[in-house]
Amino acid sequence: MTELSREINDAVGAIRKTTDMIPQVAIILGTGLGRLVQSIDIKATISYKEIPNFPLSTVESHEGRLIFGYLSGKSVVCMQGRFHYYEGYGMKEVTFPVRVMKKLGADILIVSNATGGLNPLFERGDVMLITDHINFLPENPLRGKNDESLGPRFPDMLEVYSRDFIKLAEGVALQEKIPVRKGVYISLQGPCFETPAEYRMLRILGADAVGMSTVPEAIAARHMGMKVLGISIITDMGLPDIQEPVSHEIVIKAAEEAEPKLTKLVTAFVKAL
Ligand code: HPA
């Protein structure tokens with residue numbers, strides 16, 4: 001058994017002392033997007049501090065706990081607070097919780113984030129279904145010795161974000177009257193926001209939105225064969241020629257304002273699964 005598998009098993013073992021729930025769906029909540037938890041019929045809560053090998057969240061707006069319960073009648077495990085590369089964690093740490101949630105039983109990952117819009121047709125507060133991503137982080141979470149029990153050495157990345165899920169999410173969004181955009185998400189390491197020249201470059205590269213997360217977790221999830229739905233909330237616009245200041249506070253405020261749309265969409269999506 002590899003060191004990583006041993007660490008995952010230790011974490012799962014510790015969690016199993018608190019709950020024997022088998023989650024169908026794993027949910028990762030991004031910056032300012034933690035309120036979805038209020039819609040979960042909570043059965044167990046475990047602080048990251050109590051889970052061996054789990055990193056600890058350093059961003060203030062992130063709570064740092066795993067929540068087990070039912071959403072729309074389906075069993076879910078939800079990460080309230082996630083780990084970012086810019087915090088200083090390695091990719092193995094950033095993706096560790098996804099691996100644990102898969103090992104707990106979740107075959108589906110719903111991942112959300114706060115993101116800067118690059119597509120000029122987008123607006124602050126928009127919901128974007130992620131159709132694909134560009135990994136612009138300096139590292140790949142699968143670098144190093146591969147654990148064959150988790151997934152293949154060279155996993156394909158043709159459909160990181162399930163087309164079926166995108167179709168399903170578009171359907172429920174229409175029913176719930178939530179306008180949704182679709183687009184490509186590019187992840188940079190941060191923590192500084194981009195320069196106008198960088199926003200222009202990222203748009204030329206083919207991205208519709210830019211952020212500092214999600215890509216590592218989505219890669220690890222696909223490595224393990226999970227089906228992924230990715231949802232971005234546009235919290236600011238990165239338009240090189242119409243620059244408005246952006247800050248962590250602005251991002252949180254915009255994410256919190258748009259959050260009810262995310263809760264509604266995810267709740268309806270999980271119900272439709
Ligand atoms: N850039 C990078 N990450 C972000 C942004 C942005 O403009 N907004 C929210 N997260």
Side-chain angles (χ1 to χ4, degrees), residues 27-36 57-63 79-89 91 94-95 110-139 141 160-161 180-219 230-263 265-266:
I27 302 172
I28 302 177
L29 298 175
T31 302
L33 301 170
R35 242 182 310 156
L36 177 106
S57 189
T58 65
V59 184
E60 272 171 50
S61 55
H62 289 260
E63 304 275 343
M79 277 182 81
Q80 198 175 26
R82 64 132 66 89
F83 305 103
H84 303 85
Y85 188 77
Y86 65 72
E87 293 176 85
Y89 301 115
M91 283 299 187
V94 171
T95 54
I110 300 174
V111 56
S112 66
N113 58 50
T115 180
L118 300 168
N119 185 327
L121 298 178
F122 290 3
E123 279 175 32
R124 184 172 188 261
D126 276 353
V127 177
M128 184 188 90
L129 301 174
I130 304 176
T131 55
D132 204 350
H133 75 218
I134 299 172
N135 184 13
F136 236 48
L137 288 157
E139 209 191 308
V160 178
Y161 305 90
V180 287
R181 311 283 196 173
K182 286 193 287 185
V184 172
Y185 175 88
I186 189 164
S187 187
L188 270 65
Q189 66 171 305
C192 57
F193 293 103
E194 292 68 34
T195 64
E198 286 166 343
Y199 281 127
R200 183 179 289 109
M201 174 191 74
L202 298 172
R203 182 69 186 139
I204 291 167
L205 288 178
D208 295 290
V210 53
M212 307 172 192
S213 67
T214 301
V215 166
E217 294 107 315
I219 290 175
I231 306 172
S232 291
I233 301 294
I234 310 292
T235 56
D236 54 278
M237 286 303 296
L239 300 176
D241 299 315
I242 319 165
Q243 265 307 299
E244 283 178 14
V246 58
S247 66
H248 192 56
E249 290 67 35
I250 289 170
V251 167
I252 291 172
K253 188 165 178 289
E256 285 177 347
E257 278 167 16
E259 200 282 336
K261 287 193 277 187
L262 180 79
T263 290
L265 181 60
V266 172

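Note that the numbering runs from 1 along the sequence shown for the chain. Indexing begins at 1, ligand by ligand and atom by atom, following the structure's order.
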- line: Protein neighbours of ligand 1 with a heavy atom under 4.0 Å, given by chain and number, are Ala114, Thr115, Gly116, Phe193, Glu194, Tyr199, Val210, Gly211, Met212, Thr235, Asp236, Val251

- request: First locate atom SG of Cys192, then atom CD of Glu198, and finally report the distance between them rounded to the nearest 0.5 Å.
  value: 6.5 Å

task: State the CG-CG distance between Asp236 and Leu239, to the nearest 0.5 angstrom.
output: 9.5 Å

Charged N to carboxylate O below 4.0 Å: is that the case for [X] and [Y]?
X: Arg200; Y: Asp241; value: yes
X: Glu249; Y: Lys253; value: no
X: Arg35; Y: Glu256; value: no

query: In a check of side-chain contact (heavy atoms from CB on, under 4.5 Å) between Ile231 and each of Ile130, Val180, Val127, which one passes?
result: Val127

